[in-house]
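One structure is given below, encoded as structure tokens.
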Amino acid sequence: MLASTLYFGAARRQAVLLLLASYDWFGQAEIARRLRPVAEDTDAPGNSDPAVIGRAILLLRRPRDLVRVLFGTVPDGLLGAMQRLGPDPVGGPETYKELQRLFFSTAAPDRHRVKVLGQMSGSLVGAQIEIVSLLDPMLLHPAFVANVYETQQVADLNAALAYVRARCSGATDEAIRSSLARLKPGDHRSTLYKWWMRRFDRLPRTLDTRGDPTLVILGSVDALSNAGRRYANCLQSKVGEVYLGNYVYIEYRPAAPEPGVIAELRVTTQGFLLEGLYARKNCKVRLERAATVRRKLAACGVALYDHAPGERDLVAAAAQVLNQYNFAEPDNTGWGVEFDEPPANDLEELETVASEAA
């Protein structure tokens, strides 16, 4: 029976496949009942259900006629969608059942899903029939759906959108729709999420600074970018790590003209751990200043690296002999030295210090 459909177009073959898949929810007897008036108009022998169905498929050569006899009507867009699915099977009976449900539904959300399928250019992937039903309604944009090919991807995409809403105060429905409208043909589905990551302003985890005004949490992309410019470092490249909650960055802002310090806190199951202290341009922090920052962070519950058991001076001396560097101050591992005063011939340094002191 299926071999005879090789001579027909994609929509015709998909109509036959839709009929065969409907065995799962209508049953063979019901399908034969609906098709019997067509088959009984001929003189061909055989009145069994399979014979009736086979004759009707051969007689109803136009996909529109086959769908109309089977379902009573032909919804707008269904034949076009079947043509774009191509001539081969696009999934199991559940895919075709969802195709039928979507296009015959009168519910507004389903009509929107059908509209999105119609707005997508080019061929359709069979999984996209189910994908439009599973995606968060906010993600139903043609340019986005066109880049989702497997139903297994949907759960992660929906959860990532929920994360955007939690981390970005500006992620209203209207703003999300506007960001989807910026997508261009060929943009990867991650483009949307990267765009929002660059606008987060709510930390997944934050530190209670106990009211210390010298400890400033860099809790947004703007704050990280601003500090990155002032300290001439790579803080802006750490946005993803902060957005996902792996790190929190604190700026130590003492009274001018004392230079500030960037503290890198690693998030652990037991709280925060101080991983690094950095002066401008990732230089080392002066020991007395580093000690002040460590003390302040420890008062806020931040864990600090510790030396091996035993008397500190003896352990430090042994480490020195063994060329084990950064043993005593493992979080202050920047390169070079910190300058409280800019070199006289360094105009950039002079301007930066002057602007920070202003």
Side-chain angles (χ1 to χ4, degrees), residues 1-6 8-39 49-50 52-54 56-58 60-120 122-137 139-140 142 144-146 148-158:
M1 182 166 58
L2 281 177
S4 65
T5 66
L6 291 172
F8 298 93
R12 160 69 175 174
R13 292 200 66 186
Q14 290 298 336
V16 173
L17 290 166
L18 176 61
L19 181 150
L20 296 177
S22 65
Y23 276 42
D24 273 35
W25 64 91
F26 285 151
Q28 180 178 272
E30 174 60 19
I31 294 172
R33 185 190 70 76
R34 297 184 182 197
L35 298 179
R36 196 172 296 278
V38 174
D49 288 347
V52 168
I53 294 171
I57 289 176
L58 292 174
L60 298 170
R61 300 172 64 85
R62 297 173 60 203
R64 179 177 299 277
D65 295 336
L66 184 58
V67 172
R68 180 179 288 110
V69 171
L70 183 61
F71 297 107
T73 186
V74 183
D76 292 341
L78 175 59
L79 296 180
M82 292 194 298
Q83 182 70 30
R84 293 167 60 206
L85 286 169
D88 299 321
V90 294
E94 64 279 358
T95 299
Y96 286 93
K97 185 173 184 179
E98 187 61 16
L99 175 69
Q100 184 262 343
R101 188 197 71 78
L102 279 177
F103 278 87
F104 282 84
S105 173
T106 58
D110 290 332
R111 301 314 305 158
H112 179 58
R113 294 182 177 101
V114 167
K115 181 180 179 181
V116 169
L117 288 172
Q119 291 172 331
M120 293 165 58
S123 300
L124 287 177
V125 177
Q128 287 169 334
I129 301 301
E130 295 169 278
I131 284 168
V132 295
S133 296
L134 297 172
L135 273 174
D136 186 297
L139 295 175
L140 291 176
F144 186 85
V145 178
V148 186
Y149 309 108
E150 300 175 3
T151 55
Q152 295 90 330
Q153 298 167 339
V154 173
D156 286 345
L157 296 173
N158 287 345

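Among all heavy-atom pairs drawn from Gln14 and Val90, the shortest one is NE2-CG1, 4.0 Å. Contact between Ala107 and Ser105 at its shortest, heavy atoms only, is N-OG, 3.1 Å. Thr151 and Ala127 get closest at one heavy-atom pair: CG2-O, 4.0 Å. Considering all non-hydrogen atoms of both residues, Gly86 and Ala10 come closest at C-CB, 3.5 Å. Taking every heavy atom of both residues into account, Ser22 and Leu70 meet most closely at OG-CD2, 4.2 Å. Residues Leu102 and Ile129 come closest through the heavy atom pair CD1-O, 3.5 Å.
Every residue meeting the side-chain contact (heavy atoms from CB on, under 4.5 Å) condition with Ala81, not counting sequence neighbours, appears here in chain and number order: Phe103, Leu124. Under the rule for a ring pair (Phe, Tyr, Trp, His ring centres under 6.0 Å), Tyr149 has no partner lying at least two apart in sequence or in another chain. The salt bridge (charged side-chain N to carboxylate O under 4.0 Å, His left out) test applied to Glu98 returns Arg101, not counting sequence neighbours. Residues that satisfy the side-chain contact (heavy atoms from CB on, under 4.5 Å) test with Ala29, not counting sequence neighbours, are Asp49. In this view, Asp136 and Met138, Leu139, Asn158, Leu161 satisfy the side-chain contact (heavy atoms from CB on, under 4.5 Å) rule, not counting sequence neighbours. Applying the salt bridge (charged side-chain N to carboxylate O under 4.0 Å, His left out) test to Asp65 and every residue at least two apart in sequence or in another chain returns Arg62, Arg68. Under the rule for a side-chain hydrogen bond (donor to acceptor under 3.5 Å, both in side chains), the partners of Thr95 that lie at least two apart in sequence or sit in another chain are Glu130. Taking Glu30 as the reference, Phe26, Arg33, Arg34 meet the side-chain contact (heavy atoms from CB on, under 4.5 Å) condition, with sequence neighbours excluded.
Under the 3.5 Å distance criterion, the side-chain polar atoms of Tyr96 are left unmatched by any main-chain donor or acceptor of Leu19.
Here the straight-line distance linking atom CD of Gln153 with atom CG of Leu135 works out to 9.5 Å at 0.5 Å rounding. Taken to the nearest 0.5 Å, the CG atom of Leu18 stands 6.5 Å off from the CE atom of Met82.
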Go through the steps for Arg12 and Leu66 under the test side chain to side chain contact (heavy atoms under 4.5 Å, CB included), then give the verdict.
CA-CA 9 Å; Arg12 160 69 175 174; Leu66 184 58; 4.0 Å; yes

Begin from the C-alpha positions of His112 and Leu140 and carry the test side chain to side chain contact (heavy atoms under 4.5 Å, CB included) through to its verdict.
CA-CA 8 Å; His112 179 58; Leu140 291 176; 3.9 Å; yes

Tell me which donor-acceptor pairs under 3.5 Å the side chains of residues 71-78 have, and how far apart each pair is, sequence neighbours excluded?
none

Taking only distance into account, with no hydrogens and no angle test, what donor-acceptor pairs under 3.5 Å do side-chain atoms of residues 113-120 form with protein atoms, sequence neighbours excluded?
| residue | atom | partner | partner atom | Å |
| --- | --- | --- | --- | --- |
| Arg113 | NE | Val132 | O | 2.9 |
| Arg113 | NH1 | Asp110 | OD1 | 2.8 |

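Applying the side-chain hydrogen bond (donor to acceptor under 3.5 Å, both in side chains) rule to pairs touching residues 80-89 yields nothing, sequence neighbours excluded.
With a 4.5 Å cut-off on side-chain heavy atoms, Ile31 and Leu35 count as touching.
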